[in-house]
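Numbered from 1 within each chain, the chains take letters A, B, ... in sequence-line order.
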Amino acid sequence: MSLRGIIDVALRALERNASRSLLTMLGIIIGVAAVITTVAIGSGARVLVQQQIANLGSNLIIVLPGAVITSGVRSGTGAASSLTPHDGLAIAQLPGVAAVTPVVTEHAQVVGGGNNWNTLIQGVAPTYAYVRAWDMLAGTFFTQHDMDTLAKVCILGTTVVTNLFPDDPSPLGESVLIGNVPFTVIGVLQSKGQSSFGQDQDDIVLIPYTSAMNRLTGQTYVNALMISAVSGNAIDEVQNELTSLLEQRHRIVPPQPDDFSVRNLQDIANTATATAQIMQLLLAGVAAVSLVVGGIGIMNIMLVSVTERTREIGLRMAVGARSRAILEQFLVEAAVLSTGGGIIGVIVGAIVTVVATLLARWPMSVSAEAVIASVLFSALVGVFFGYYPALKASRLDPIEALRFE
Amino acid sequence: MSAVVEVHDLAKIYGSGPSRTIALDGVSASFESGDFVAVVGASGSGKSTFLHVIGLLDRPTSGKYLLEQHDVQTMTSDELADLRSKKLGFVFQSYNLLPRTDALENVELPLAYSGVPQRQREKAARSALSMVGVEALARHLPNQLSGGQQQRIAIARALVNNPSLILADEPTGALDTKSSHEIMELLSELNREHKITILLVTHERDIAAYARRILTFRDGRIESDVSNTPETGAVTVDA
């Protein structure tokens, strides 16, 4: 019999017990739908994490001052005043470093447009825009000249703009008081939205760090250095080199602890991705178990079917079916069941993914690889678990089979 | 006429030791083309085993069997299956039609296994159905048909591959008297008009009376082998 003929016979046999066939497929349907959905969620999570990381800055490394130990009392990271703008300039000379900006942080009341607002003031260098991959909505970033002249210019985040100048989305040229020092607005940042930790990144005012140190805080140290490596691969190398550079500059000899700490977002990204992967693996495991259970269900039903159709098998043998033809018939039947289940599972999984995307507003996508792999795998499950019942059918003695009641 | 079946000293022994059963004990016979042979005997006489061996569903323990000069003794089970699909037709007591499969497709079934293309299959199946007089039922399902009609379709299935021999195992066993005689009339007619060779197993004397030759089995041996005049329908043989 041709393959088409065999598939035809298999389809008819399954159709005869339509509801039972559907129930048999259920295990595979659930398994495959779970695979499709988890893969979609997993890849969506990865894309989301990558987006958020990219949002924070390009290949970002952050150097924070270390803890201070005063009479045995240890303050937290960032308390020491060990980092200077000169450290930043030295780091900028390292190979693999694309840009460096010092960051001076201060919370202050900002007054402007008849309103006032407490916000984060960051004193930074012009390279900040590049380091944080942050574009301007209006106006321009400040220049090296502004740095050198301790210019009283500022750039507002959109949240600050909304709170101070509700009617003017780009209040260029307006004057704002930052801690009683008047600054002129020269630019507005594009909105970056919330960070992955729920912070409003747009609630910020940027000023030249020289102005911040001299006019606002009076400090000679910086609160952080943000460094952008030339590429994601260069991050580790840059991190090692700047660590030894800073140890050298700060005269730290190995047994002594560093008076600074270096963090890179790749670590955070990796952790987040790894977490997503573990979740995905876990769900994929559950899906695999479901597929195996589905396969056992198919085996079970096929065994019942072989017993029920013993006389049919006997008859087919009597009219000239070779045992191989009987084996193929039942094998194809099992494969049709499982592949059919796989295809329905893909459709169900795709629907679940679309609904989840709409509900969670999460960028999920059904991957072609997952679809192909799960349909192939379910076909394989059918052949694997269908083999034993099919073999049993093909080994029936036609005389006994024809007598079977 | 050439011999369709030639068996010589056929024996079939089941089991061993104390549970040893001798089903066939040295059976020799020969059926010519166009024969209509009835095999009768009490249950356990070996007539069913004989039919299974002749039908290539079972292998004899010893002896020689030539089916149209083919020595089937040395054949593999695949070769036997192929021979069944090309040379033999079966009719069973319980019809054994595939459920939820219409008459035409039931009749086509043997051709599917001998690799006949679909179009020719349908043509052959239609002509087989018309030979048994139920062409109009081609698209009916078995559960819509009476026992007699189902058995006619089963006979059409046995005819469809133009076999050298039709083996009928108690073909009237599940039918009422009227249908039984109709089926036997049909078999006689097929034998008479189309020269189809038939081997019939039955335990009913009046059914055997339709055959032209009656073999009586007892204890695995042929007790008597007599010709019969089917026209009279009278049985003149004592067991």
For [X], I'd like to know if atom [atom1] has over 12 heavy atoms of other residues, nucleotides or ligands within 6.0 Å.
X	atom1	answer
B/F31	CZ	yes
B/Y65	OH	yes
B/R139	CZ	yes
B/D71	CG	yes
B/R59	CZ	yes
B/H8	NE2	no

So A/R309 and B/L98, side-chain contact (heavy atoms from CB on, under 4.5 Å) or not? Walk me through it.
CA-CA 9 Å; A/R309 287 153 67 194; B/L98 298 187; over 6 Å; no
What do the steps show when you test B/L109 against A/L315 for side-chain contact (heavy atoms from CB on, under 4.5 Å), and what is the final call?
CA-CA 10 Å; B/L109 188 66; A/L315 174 85; 3.9 Å; yes
Pick one of side chain, backbone, both or neither for A/R16, based on which atoms fall under 4.5 Å of a heavy atom in chain B.
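Looking at A/R16, backbone and side chain both touch chain B.
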Over all heavy atoms of both residues, which pair between A/A318 and B/F90 is shortest? Give the atoms and the distance, please.
O-CE1, 3.3 Å
Which pair of non-hydrogen atoms, one from A/A325 and one from B/Y113, has the smallest distance, and what is that distance?
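The answer is CB-CE2, 3.9 Å.
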With a 3.5 Å cut-off and no angle check, do the side chains of A/R322 and B/S85 form a donor-acceptor pair?
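No, B/S85 and A/R322 have no side-chain donor paired with an acceptor closer than 3.5 Å.
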For the candidates B/S48, B/P99, B/G89, which exhibits the highest count of non-hydrogen atom pairs separated by less than 4.5 Å from chain A?
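Heavy-atom pair counts peak at B/P99.
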Among the listed options B/S77, B/S94, B/S114, B/G55, the residue most often paired with chain A at heavy-atom distances under 4.5 Å
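When all of B/S77, B/S94, B/S114, B/G55 are compared, B/S94 has the most.
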Kindly indicate, with the supporting measurements, whether the criterion side-chain contact (heavy atoms from CB on, under 4.5 Å) is fulfilled by A/V319 and B/R84.
CA-CA 6 Å; A/V319 301; B/R84 284 199 297 273; over 6 Å; no
Measuring from atom [atom1] of [X] to atom [atom2] of [Y], what distance do you get when rounded to the nearest 0.5 angstrom?
X	Y	atom1	atom2	result
A/L402	B/H52	CG	NE2	7.0 Å
A/I399	B/T49	CD1	OG1	7.5 Å
B/D58	A/D397	CG	CG	7.0 Å

Stepwise, does the side-chain contact (heavy atoms from CB on, under 4.5 Å) test hold for B/E105 with A/R12?
CA-CA 12 Å; B/E105 283 175 87; A/R12 178 135 358 115; 2.8 Å; yes
Does A/R311 reach the side chain of B/N96, with side-chain heavy atoms less than 4.5 Å apart?
yes
